[in-house]
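Computed from a predicted model, the values in this text were never measured in an experiment.
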Amino acid sequence: MKRIKKIMRSCPYLAVLLSIWLFMTICGIALIVYRDYGKMKWGDLISNPLFAVVWEVEKKNNVSNFMGAESVMVKLPEQAAGASNKRLVLLPDAIGAQIGIRVEEELAKEEEAQAVEEEMETEKPVVGQTVFVEYPPVATDSIYYEDVGKTALTTEYPYTKVGEDYFKDAAFLGDSRTMGISDYAGLDADFYCENGMTIYKLLGEKGVTWQKTGEKVNMNEVLQQKKYGKIYIMLGMNELGYGDTEYFREHYEAVLAQIREWQPEAVIFLMANLHVSQEKNNLDTEFNNININAKNVAAASLADGIDVFYLDSNPCFTDENGLLMSERTFDGVHLYADNYEIWKNFLMEHGVVREPAEQTAEE
């Protein structure tokens, strides 16, 4: 010790440097202790020395990296007097890492839930919508109909353009206009139709003419024995003066429900009745386009856009006033033969293809 004092007296500069080094060392140690354990009491630090365990946190993604790669766990003394057990406390870095792991778990759960939801969405059938366009209604005093003040458009749906083979497992049910499709459209399908047919007689005991043989058949038996992939219905013209529109809709709905029960796999198309020409549009009787439109709207209201679709071919044959163009009809009601090619093309542009795509009607 005397020797050190002697050296310091002989070398005062060395003494100054030594003092500065010693002072900085003590201050550095004090700062480190305060940084890590500043919130602790010095008495606790002396009586219960701390120890730390450092571990590497798995870096799974950017969230973990952002929270920090390392976390520290320290054992602090219990605050309760006389407690002998010690508890583990996570310091801020470790808490951040744990939050990162939890965030990762939540994100994984959300991704899994989203994947399940997307899978369910793909399994849901595509649903079409039938749009009704409103207009100011005309006052009527008929007991058979009233102006409903709206028209129905073809059900909106991603239709498939199909070929003539599409109709091989199809059945057409209707009146004299459906007979025109049978005679002149050249479709290889089953046509059950005749003059004067109505929705009230379609499933009746008297039966309907099967155009392939010209014989009457009982539609109750036919629809339970054969299996069709598509069924087209066009009825309503002969019902214009028989019961009101609501009566017509109720019977149409009942017939549709029965056909759905017998033909659960068939796609059903409710075809709009064609309007009549100016000469036939008689507002003094029930035979007019207001009444025809009311019946069409009633039928369109039954379309669900999944298995039942409403098809309106009127825009192909009527003018801007909704009247059947005179050059397309020979009697103001029925089309000239060469116009059925237009009707066939309209039907071919509105195919609904299911899986399996081909369903052949049982013989």
Side-chain angles (χ1 to χ4, degrees), residues 121-132 151-175 177-193 202 210-212 219 222-223 226-236 252 255-256 259-274 296 299-318 335 337-363:
E121 286 292 335
T122 58
E123 294 176 355
K124 290 182 179 179
V126 179
V127 179
Q129 179 184 12
T130 303
V131 177
F132 296 84
T151 58
L153 305 182
T154 292
T155 302
E156 295 180 351
Y157 188 82
Y159 295 103
T160 302
K161 188 171 183 178
V162 297
E164 293 187 11
D165 288 347
Y166 176 79
F167 300 95
K168 286 185 175 180
D169 65 345
F172 285 77
L173 317 180
D175 50 31
R177 287 175 169 181
T178 307
M179 289 176 62
I181 299 176
S182 174
D183 293 338
Y184 303 112
L187 295 178
D188 184 14
D190 283 344
F191 285 85
Y192 303 97
C193 48
L202 183 65
W210 185 18
Q211 296 300 312
K212 186 173 291 187
M219 291 307 301
V222 170
L223 293 175
K226 290 190 175 183
K227 180 180 179 182
Y228 290 103
K230 306 99 187 176
I231 296 177
Y232 294 81
I233 305 173
M234 185 169 60
L235 291 167
Y252 206 131
V255 169
L256 178 61
I259 294 175
R260 291 291 305 141
E261 180 181 340
W262 290 336
Q263 300 284 325
E265 297 180 8
V267 179
I268 300 179
F269 298 93
L270 310 180
M271 299 171 63
N273 294 282
L274 287 186
N296 285 343
S301 67
L302 302 176
D304 61 12
I306 302 175
D307 300 306
V308 184
F309 300 83
Y310 175 73
L311 298 182
D312 182 17
S313 61
N314 273 291
C316 299
F317 307 106
T318 57
L335 299 176
D338 56 358
N339 284 275
Y340 286 97
E341 183 72 18
I342 299 174
W343 207 334
K344 180 179 75 171
N345 291 334
F346 172 81
L347 296 177
M348 292 172 64
E349 291 172 357
H350 293 82
V352 175
V353 179
R354 294 285 193 242
E355 293 294 339
E358 295 296 331
Q359 297 177 3
T360 305
E362 295 179 0
E363 294 297 328

Check your understanding: After noting the C-alpha distance and the side-chain angles of Y228 and D190, does the key distance pass the side chain to side chain contact (heavy atoms under 4.5 Å, CB included) rule?
Key -> CA-CA 10 Å; Y228 290 103; D190 283 344; 2.6 Å; yes

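- Within the 3.5 Å criterion, the main-chain N or O of L235 finds no donor-acceptor partner in the side chain of R177.
- Closest approach of G163 and M348 over heavy atoms only: CA-CE, 3.8 Å.
- Atom CE of M271 is separated from atom CG of N314 by 10.5 Å, given to the nearest 0.5 angstrom.
- In this view, T178 satisfies the side-chain hydrogen bond (donor to acceptor under 3.5 Å, both in side chains) rule with no residue, not counting sequence neighbours.
- Looking only at side-chain heavy atoms (C-beta outward), L153 and T130 stay at 4.5 Å or farther from each other.
- What you find for Y252 and L302 is that their closest heavy atoms are CD2-CD1, 3.8 Å.
- Across L270 and A299, no two heavy atoms sit closer than the pair CD1-O, 3.3 Å.
- Ring planes of F269 and Y232: parallel class, angle under 30° (limits at 30 and 60°).
- Separation of the Y184 and W343 ring centroids does not fall under the 6.0 Å cut-off.
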Practice item. Report the C-alpha separation of V255 and M219 in whole Å, then their side-chain angles, then the decisive distance to 0.1 Å, and conclude whether the side chain to side chain contact (heavy atoms under 4.5 Å, CB included) test is met. Key: CA-CA 11 Å; V255 169; M219 291 307 301; over 6 Å; no

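- Between F172 and F191, the two ring planes are parallel [angle under 30°; tilted spans 30° to 60°].
- The CG atom of D175 sits 12.0 Å away from atom CD1 of I233, with the distance rounded to the nearest 0.5 Å.
- Listed here is the closest heavy atom pair of V222 and Y192: CG1-OH, 3.4 Å.
- Panel note: side chain N273, backbone M234; no donor-acceptor pair is recorded below 3.5 Å.
- Side-chain contact between T154 and Y159: present, with at least one pair of heavy atoms (C-beta onward) separated by less than 4.5 Å.
- D188 places no side-chain N or O within 3.5 Å of a backbone atom of K168 that could act as its donor or acceptor partner.
- Within the 4.5 Å cutoff, the side chain of Y340 has no heavy atoms near those of the L187 side chain.
- Looking only at side-chain heavy atoms (C-beta outward), L335 and I342 stay at 4.5 Å or farther from each other.
- Because its NZ or CZ atom is both nearer than 6.0 Å to the ring centre of Y166 and within 45° of the ring axis, K230 counts as a cation-pi partner of that residue.
- In terms of heavy atoms, Q263 sits closest to K226 at NE2-O, 2.6 Å.
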Practice item. Apply side chain to side chain contact (heavy atoms under 4.5 Å, CB included) to H350 and Y157, showing your working. Key: CA-CA 9 Å; H350 293 82; Y157 188 82; over 6 Å; no

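- Distance alone, capped at 3.5 Å, places no donor-acceptor pair between the Q129 side chain and the G305 backbone.
- Here the straight-line distance linking atom CG of L202 with atom CD1 of I259 works out to 6.0 Å at 0.5 Å rounding.
- Taken from CG in L311 to OG1 in T155, the straight-line distance is 7.0 Å, to the nearest 0.5 Å.
- Counting all heavy atoms, side chain and backbone alike, D304 lies closest to V308 at OD1-N, 2.9 Å.
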